[in-house]
Amino acid sequence: MQLAASEFTNPNLEVLLTEEQIQGRVKELGAQITAEYANGDVVVVGILKGSCVFMADLMRAVDLRMTIDFMAVSSYKDGTESSGDVEILKDLSNPIRGKDVIVVEDIIDTGHTLARLLEILGTRGANSIKLAAFLDKPEPRVRKEVKIDYCGFVIPNHFVVGYGLDAAGRYRNLPFIARVKDPSVA
Ligand code: IMP
Ligand code: MG
């Protein structure tokens, strides 16, 4: 059997946010949420798959009584840009009527996916709905009305991977955020 090549020290990756930077920021967001929802009936809703790493860290930084749930959506891509057509692949397991919902997403790019998702969730009688996004890439934003209530980091218009974010399914397990230097290199 061949020895595995390290993915974490892959020379084709340029680290943009280190594990230490990320962990520090997520703890700050967790403390902010803890303070703001002291009397809430909180449901943290992760959008699969990209939010899984951020969600796991964020929820452990929030010292509140809460439940979690997940949704999976596919946004139809028109080339590399999402188009705004969103199909629900997996819906919530439980109703959110009367709940204080925090939607957790990996990155807001054009904003199409979240704009549509928030419209859908907005019809379900929640007490409040807020958005936590690990990364905000404002430059390509089309849906300017998408408001990020809890944002990890604002980044320039690069395609990034790691900490749950993927390129063709790969790199979600990196504990940091990186730019793929040459996307044509395997
Ligand atoms: P939006 O609808 O354009 O905001 O698309 C958001 C979705 O596109 C995210 O949930 C990601 O799945 C994906 N995405 C956008 N930018 C990146 C990136 O830089 N790296 C990895 N995935 C991205
Ligand atoms: Mg995603």
Side-chain angles (χ1 to χ4, degrees), residues 7-8 10-19 21-22 25-26 29 43-59 68-92 101-123 129-186:
E7 188 79 315
F8 293 178
N10 183 334
N12 196 27
L13 297 175
E14 179 197 350
V15 178
L16 301 179
L17 296 169
T18 66
E19 186 172 1
Q21 284 175 293
I22 293 170
R25 181 67 187 127
V26 172
L29 290 177
V43 186
V44 175
V45 172
I47 310 304
L48 296 170
K49 304 172 185 166
S51 72
C52 69
V53 180
F54 176 44
M55 169 126 166
D57 282 345
L58 183 66
M59 62 193 256
I68 66 167
D69 210 335
F70 293 98
M71 283 181 90
V73 297
S74 81
S75 45
Y76 291 103
K77 301 261 170 179
D78 178 10
T80 55
E81 272 219 339
S82 71
S83 64
D85 255 342
V86 170
E87 188 192 357
I88 297 181
L89 302 176
K90 184 223 170 292
D91 207 335
L92 297 172
V101 176
I102 304 175
V103 176
V104 178
E105 175 63 311
D106 53 359
I107 185 167
I108 311 297
D109 184 19
T110 65
H112 281 311
T113 309
L114 253 289
R116 184 71 192 112
L117 197 72
L118 292 173
E119 274 171 22
I120 294 168
L121 292 179
T123 65
I129 301 180
K130 287 198 177 185
L131 172 60
F134 179 61
L135 296 176
D136 177 12
K137 202 159 48 169
E139 205 178 301
R141 188 84 85 255
V142 177
R143 303 293 294 265
K144 309 263 188 208
E145 74 273 24
V146 174
K147 183 172 149 275
I148 304 175
D149 301 287
Y150 305 101
C151 173
F153 298 91
V154 178
I155 60 162
N157 195 10
H158 291 140
F159 191 83
V160 296
V161 296
Y163 202 65
L165 290 102
D166 71 306
R170 184 175 172 185
Y171 300 120
R172 293 192 197 274
N173 57 322
L174 303 177
F176 49 83
I177 289 286
R179 189 179 67 86
V180 180
K181 291 183 205 163
D182 182 353
S184 69
V185 173

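Remember, it's 1-based here, ligands and their atoms both numbered in the order they're listed. What you are looking at is a predicted structure, and each value in this text was computed from that prediction instead of being measured. Note that these values count all heavy atoms, side chains included, but never hydrogens, waters or copies made by symmetry.
- If you check each of D106, V160, T110 against atom 3 (O) of ligand 1, the one with the closest non-hydrogen atom is T110.
- A heavy-atom separation below 4.0 Å is found between D166 and ligand 1.
- For N10, the side chain to side chain contact (heavy atoms under 4.5 Å, CB included) partners are E7, N12, L13, R170, Y171, not counting sequence neighbours.
- Using a non-hydrogen distance threshold of 4.0 Å, R141 does not register as a contact of ligand 1.
- Counting the atoms of ligand 1 from 1 in the order shown, those under 4.0 Å from a heavy atom of E105 are 10 (O).
- Between E14 and R179 there is a salt bridge, since at least one side-chain N of the basic residue sits less than 4.0 Å from a carboxylate O of the acidic one.
- A centroid separation of less than 6.0 Å is found between the aromatic rings of F134 and F153.
- Here is the list of ligand 1 atoms found below 4.0 Å of a heavy atom in L165: 20 (N), 21 (C), 22 (N).
- Across every non-hydrogen atom of F176 and F8, the tightest pair is CZ-O, 3.3 Å.
- Counting heavy atoms from C-beta on, the side chains of V160 and L17 never come closer than 4.5 Å.
- Close approach of ligand 1 to K137 (heavy-atom distance below 4.0 Å) involves ligand atoms 16 (N), 17 (C), 18 (C), 19 (O).
- Contacts with ligand 1 closer than 4.0 Å are made by backbone heavy atoms (N, CA, C, O) of H158 only, the side chain lying farther away.
- If you number the atoms of ligand 1 from 1 as listed, the ones under 4.0 Å from a heavy atom of T113 come out as 1 (P), 2 (O), 5 (O).
- By the 4.0 Å heavy-atom criterion, R143 is excluded from the residues contacting ligand 1.
- Counting heavy atoms from C-beta outward, I88 and M71 have side chains that approach closer than 4.5 Å.
- For the side chain to side chain contact (heavy atoms under 4.5 Å, CB included) test, residues two or more places apart in sequence or in another chain that qualify with D166 are R172.
- Of all the listed residues (A167, G50, G111), G111 holds the heavy atom that lies closest to atom 4 (O) of ligand 1.
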